[in-house]
S.K.: 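Sharing a structure, written as structure tokens. Questions coming.
Quick note on labels: first sequence line is chain A, next is B, and so on, each numbered from 1.
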Protein chains: 2
Amino acid sequence: MGAPDRGPQTSARKRADARRNEQSLLEAAATAFLAAGVDVPVRDIAARAGVGVGTIYRHFPTRADLVVAVYRHQVEAAAEAGPTLLAASDTPYAALTQWIDLFVDFLVTKHGLAEALQSDDAAFEALHAYFLDRLVPVCARLLDAAATTGEVRPDVAAYELMRGVGNLCIGAGRDPRYDARRLVELLIAGLRP
Amino acid sequence: MGAPDRGPQTSARKRADARRNEQSLLEAAATAFLAAGVDVPVRDIAARAGVGVGTIYRHFPTRADLVVAVYRHQVEAAAEAGPTLLAASDTPYAALTQWIDLFVDFLVTKHGLAEALQSDDAAFEALHAYFLDRLVPVCARLLDAAATTGEVRPDVAAYELMRGVGNLCIGAGRDPRYDARRLVELLIAGLRP
DNA sequence: GGGGCAATCGGAACAAGGTTCCGCTTGCTT
DNA sequence: AAGCAAGCGGAACCTTGTTCCGATTGCCCC
């Protein structure tokens, strides 16, 4: 196998203008996501970046590709935090709750991301896949460790838990009466045997 | 105060054709929701009912009005089941879990309803309002009773719980690996003191 | 340095769905 | 039976996603 395909944002060998545009798009998208959520119209991102819509589709065929590119660093950081927390915490359960906290923080601060993550829109399939592929194994490791010490029931799958947590984060921040963090805490509490 | 406004579906005094159309629309919408979810295109519902789109908007200004009209009976039934279960169950906690089960069953069998319930789309605001106005007090009563007997912690608001349960139902039935009922059970388990 | 070509670009054009609006039809009253 | 207001239908318009192709331009080679 040759060099791994690391996605559009690393652009092995492209024309200079193409690389420049990709960078502008990434920055424009990050700003636009912050201002108007991950559902911001494609035209708005294109306008912000000063390119045509065709250019967006060329670099990021689906919206999910753009979202993944924008948040990749943070997802990687979350993935790496799993083992770190496990090593540093008193008990696996403590590591699990801290890690889930991290994940919740990430989701609730990204307007519309939790919604997109659960959406059945085909445009978000790759988003779903990336998040889950990257984070479910990390969660599974924490969950297994906590199950081994008997701190949580052993019959809950990491996939299901992650989806549940993601779901609970939907709409967080839109209504002061709804505190996603609290509900996630309840869910995690319900994990005890 | 005079006769209460019971919404468009009861049509105090309208022309015969108007009442007929309203009925057709309700039936067409129920079928369409079943077949294609509550997000089915307005044009499809109109076609099914054999009316123009203008007629839909005249009778049901927002999609939420139509959804509420279609599911009103079932929501009322759920609301009435609250006190009934409380009276019939051994403990308030048992009544609460049974009632939540009922609610979850309702949501997971209505394609897209849970999503719509949490959506921030303005078209669904009235849906949100109706469900919450009608069901939160019922849930609050069950929750209070269970808190009084010490079966659940007293610091969880019915509103928050309902939103949480609704959120967990999002995407149920789209993925066999995700079992909304199970996660709701965990959440309810986390309610114990 | 400049020619040529393939990569890349821009944005017009098309599709889909929501919403509005108004000329026409028709039920109901008298 | 006539008249009129309630009600109807659907064309037209808006927003947003997506495709496509003629125009542009970076880059390689001479």
Side-chain angles (χ1 to χ4, degrees), chain A residues 8-29 32-33 35-67 111-112 115-116 119-127, chain B residues 8-29 32-33 35-67 111-112 115-116 119-127:
Chain A
Q9 70 292 343
T10 51
S11 333
R13 200 94 290 271
K14 285 210 264 204
R15 268 170 39 172
D17 57 344
R19 257 170 298 160
R20 219 178 316 121
N21 278 331
E22 200 167 280
Q23 201 50 43
S24 306
L25 275 173
L26 238 24
E27 282 159 25
F33 288 170
V38 297
D39 285 313
V40 63
V42 177
R43 281 166 175 75
D44 289 3
I45 303 177
R48 252 181 221 273
V51 305
V53 290
T55 302
I56 292 205
Y57 282 98
R58 195 164 315 102
H59 288 283
F60 305 98
T62 72
R63 181 178 295 271
D65 295 321
L66 191 48
V67 176
H111 188 173
E115 285 84 339
S119 149
D120 60 344
D121 186 334
F124 285 119
E125 221 172 270
L127 183 66
Chain B
Q9 71 291 343
T10 50
S11 334
R13 200 93 289 273
K14 287 208 263 197
R15 269 172 37 174
D17 57 344
R19 257 169 300 160
R20 218 179 316 120
N21 278 331
E22 200 166 282
Q23 201 50 42
S24 307
L25 274 172
L26 239 23
E27 282 160 25
F33 287 169
V38 297
D39 285 314
V40 63
V42 175
R43 281 167 175 78
D44 289 2
I45 303 176
R48 251 180 223 274
V51 305
V53 290
T55 301
I56 292 204
Y57 283 97
R58 195 166 315 100
H59 288 284
F60 305 98
T62 73
R63 182 178 293 268
D65 295 320
L66 191 49
V67 176
H111 187 172
E115 284 84 339
S119 147
D120 60 345
D121 186 333
F124 284 120
E125 220 172 271
L127 182 66

S.K.: Without swapping roles, check the side chain of B:R19 against the backbone of B:K14 for a donor-acceptor pair under 3.5 Å.
M.R.: yes
S.K.: With a 3.5 Å distance limit and no angle check, can you tell me whether B:N21 reaches the backbone of B:A18 through a side-chain donor-acceptor pair?
M.R.: no
S.K.: Measuring only between side-chain heavy atoms, which start at C-beta, is B:V67 closer than 4.5 Å to B:F60?
M.R.: no
S.K.: Which residue lies toward the 5' end of DNA chain D, A:R43 or A:G54, if each is placed at its nearest nucleotide?
M.R.: A:R43
S.K.: From CG of B:N21 over to C1' of C:dT25, roughly how many Å is that when rounded to an integer?
M.R.: 13 Å
S.K.: Rounded to whole angstroms, how far apart are CZ on A:F60 and P on C:dC9?
M.R.: 11 Å
S.K.: Could you tell me how far apart B:I56 (CD1) and C:dG17 (P) are, to the nearest whole angstrom?
M.R.: 14 Å
S.K.: What's the closest nucleotide to the side chain of B:V53 if the choices are D:dA11, C:dC28, C:dG18?
M.R.: D:dA11
S.K.: Whole Å only: how far is the CZ atom of B:R20 from the C1' atom of C:dT26?
M.R.: 11 Å
S.K.: Atom NZ of A:K14 to atom C1' of C:dA6: distance rounded to whole Å?
M.R.: 15 Å
S.K.: Nearest whole angstrom, please: distance from the P of D:dT16 to the CG of A:D39.
M.R.: 11 Å
S.K.: Judged by each residue's nearest nucleotide on DNA chain C, which is more toward the 5′ side, B:D17 or B:P41?
M.R.: B:P41
S.K.: Figure out the CZ/C1' separation between B:R15 and D:dG7, and round it to whole Å.
M.R.: 5 Å
S.K.: Between A:Y57 (OH) and D:dT18 (P), how many Å, whole number?
M.R.: 4 Å
S.K.: For the backbone of B:R20 and the side chain of B:S24, can you confirm whether one donor and one acceptor N or O come within less than 3.5 Å of each other?
M.R.: yes
S.K.: Please tell me which of B:R58 and B:R63 maps to the more 5' nucleotide of DNA chain C, matching each residue to the nucleotide holding its nearest heavy atom.
M.R.: B:R63
S.K.: Do the side-chain N or O atoms of B:H59 get closer than 4.0 angstrom to the phosphate oxygens (OP1, OP2) of D:dG7?
M.R.: no
